[in-house]
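Worksheet: the structure to be examined is printed underneath.
Values below: every heavy atom of this structure, side chains too, minus hydrogens, waters and symmetry copies.
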Amino acid sequence: MLRFLLRRTGALAVVLLVLSAVVFLLQQISPGDPARAALGANASRQAVAAERRRLGLDDPLPVQFLRFLGHAVRGDFGTSYRTHRPVATDLATAFPATLELVLAAFVVALLLAALFAASSALSWPLAGIGRGVLLVVATAPPFLLALVGIVVFYAHLDWLPGSGRGDGGPGSELAHLVLPATVLAIAPALAIGRILRAGLEATLAADHVRTARSKGLGQAAVLARHVVRNSIGPSLAMAGLQLGFLFAGTVVVEQVFSWPGMGNYLASSIPTSDYPAIAAVTLVLGAVYVVVNTLADVLQTAADPRLA
């Protein structure tokens, strides 16, 4: 297990280094001059040249990359051209909102996945209707689901808020979370549910489960002692993968629901070519995705040491 952890930690460091290099190169090939963008269109050529020297843009690329890497490790991503504040300050405001939305969506996804898998494996009454609805809804793109949710639950029924994060009260924040978290959770719920259903069906057909039933053990006891633990290993890896995807999916959902997170911050930065902000969000979301998947691998291996 120790060798596995060292191997995964080394792979994680390499992937993060490659991700940093890709983000840095994308900044280099992006159109526009960062110095001109920082000073404005009316700045003189002398002022732009001085700003380029101050930012170190005339240095060789390896030197610029090492400086970029050093600043990124310290959480220094420069100043946003759009907000004129340090990007780290903007991210400190936006990241908690994104984390809140992703964690809420992940909980919803796990609940829906468990219902989907259990209803299929145990043949619950009317389960086919629920599975059919989830399968149909999961094929729709998130922006369409978001618009339908706003029209139905906000505009017509007036049950839920349609945008924003609420006024700061727990009840208000929870109400504002329901629609975006549910929209974000639909596709991951189906992906996790399919893997979990396959695991449940395989375990339910195993010899040791039939033996336990033949000894008179009840359904609940069979599930708790022999089925659930032996079925969740593969779904843990899928859950970790989907948790990473949830961070990427926030870009569309946050924009539709005006959720003040990193996805909305990124969407607002792209039209203004705010490269420091775009690079920082890309790097942070990519790093979160990689770290979450590594943790999922470790959890899966801890549950089944044969995978190490």
Side-chain donor-acceptor contacts of residues 85-96 below 3.5 Å, not counting sequence neighbours, with atom names and distances?
from	atom 1	to	atom 2	distance (Å)
Arg85	NE	Asp90	OD1	2.9
Arg85	NH2	Asp90	OD1	2.9
Asp90	OD2	Thr83	OG1	2.7
Asp90	OD2	Tyr265	OH	2.9
Thr93	OG1	Thr89	O	3.2

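A heavy-atom distance below 4.5 Å is not found between the side chains of His71 and Phe68. In this structure, the side chains of Arg194 and Met238 stay at 4.5 Å or more apart for every pair of heavy atoms. Within the 4.5 Å cutoff, no side-chain heavy atoms of Phe257 are placed close to those of Leu101. Trp159 places none of its side-chain heavy atoms less than 4.5 Å from the side chain of Tyr154. Counting heavy atoms from C-beta outward, Thr182 and Leu177 have side chains that stay 4.5 Å or more apart. With a 4.5 Å cut-off on side-chain heavy atoms, Tyr289 and Phe247 do not count as touching. The closest side-chain heavy-atom distance from Leu283 to Phe24 is not below 4.5 Å. In this structure the side chain of Pro276 never reaches within 4.5 angstrom of the side chain of Thr79, judged on heavy atoms.
Under the side chain to side chain donor-acceptor pair (under 3.5 Å) criterion, Arg197 pairs with no residue at all, not counting sequence neighbours. The side chain to side chain donor-acceptor pair (under 3.5 Å) search around Arg54 returns Glu51, not counting sequence neighbours. Contacts of Glu201 classified as side chain to side chain donor-acceptor pair (under 3.5 Å), with partners at least two apart in sequence or in another chain: none.
Val151 and Leu184 fall into different hydrophobic clusters, where Ile, Leu, Val, Met, Phe, Trp and Tyr are joined by side-chain heavy atoms under 4.5 Å apart, directly or via other members. Hydrophobic cluster membership differs between Val107 and Leu115, with clusters built from Ile, Leu, Val, Met, Phe, Trp and Tyr side chains linked at under 4.5 angstrom. Under the 4.5 Å side-chain heavy-atom criterion for grouping Ile, Leu, Val, Met, Phe, Trp and Tyr, Leu111 is not connected to Leu200 through any hydrophobic cluster. Note: the hydrophobic cluster containing Val73 does not contain Leu25 (ILVMFWY, side chain heavy atoms under 4.5 Å, direct or indirect links). Note: the hydrophobic cluster containing Val148 also contains Val178 (ILVMFWY, side chain heavy atoms under 4.5 Å, direct or indirect links).
The distance from the CG atom of Leu66 to the CG atom of Leu61 is 11.0 Å, given to the nearest 0.5 Å. Here the straight-line distance linking atom CG of Leu196 with atom CD1 of Ile192 works out to 9.0 Å at 0.5 Å rounding. With rounding to the nearest 0.5 Å, the separation of OG in Ser80 from CG in Asp274 is 3.5 Å. Met262 contributes atom CE, which lies 4.5 Å from atom CG of Leu285 (distance to the nearest 0.5 angstrom). Put simply, CZ on Phe65 and CG on Asp59 are 15.0 Å apart, with the number rounded to the nearest 0.5 Å.
Between Gly193 and Ala117, the shortest heavy-atom contact is O-CB, 3.7 Å. The two residues Ala175 and Pro161 have their closest heavy-atom pair at O-CD, 3.5 Å. The two residues Thr282 and Val23 come nearest to each other via the heavy atoms CG2-CG2, 4.0 Å. Contact record, Ala105 with Ala185: O-CB, 3.2 Å, taken as the closest heavy-atom pair. In this structure, His176 and Gly164 approach most closely via the heavy-atom pair CD2-O, 3.4 Å. Here the shortest heavy-atom pairing between Pro188 and Leu246 reads CG-CD2, 3.6 Å.
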- Query: Does the side-chain contact (heavy atoms from CB on, under 4.5 Å) test come out yes or no for Ile186 and Leu112, once each step is laid out?
  - Reply: CA-CA 8 Å; Ile186 295 295; Leu112 290 176; 4.2 Å; yes
- Message: One pair to check against side-chain contact (heavy atoms from CB on, under 4.5 Å): Ile150 and Val256. What are the steps and the verdict?
- Response: CA-CA 9 Å; Ile150 291 173; Val256 174; 3.9 Å; yes
- Message: Could you go through Leu26 and Tyr275, starting from their C-alpha distance and side-chain angles, then the distance that decides it, and tell me whether this counts as side-chain contact (heavy atoms from CB on, under 4.5 Å)?
- Response: CA-CA 9 Å; Leu26 287 176; Tyr275 298 126; over 6 Å; no
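Residue pairs meeting the side-chain hydrogen bond (donor to acceptor under 3.5 Å, both in side chains) criterion with at least one partner in residues 246-260, sequence neighbours excluded, are Thr98-Glu254.
Between the side chain of Gln64 and the main chain of Leu57, a donor-acceptor pair closer than 3.5 Å is present.
The hydrophobic side chain of Val63 is isolated, with no ILVMFWY side chain under 4.5 Å apart from it.
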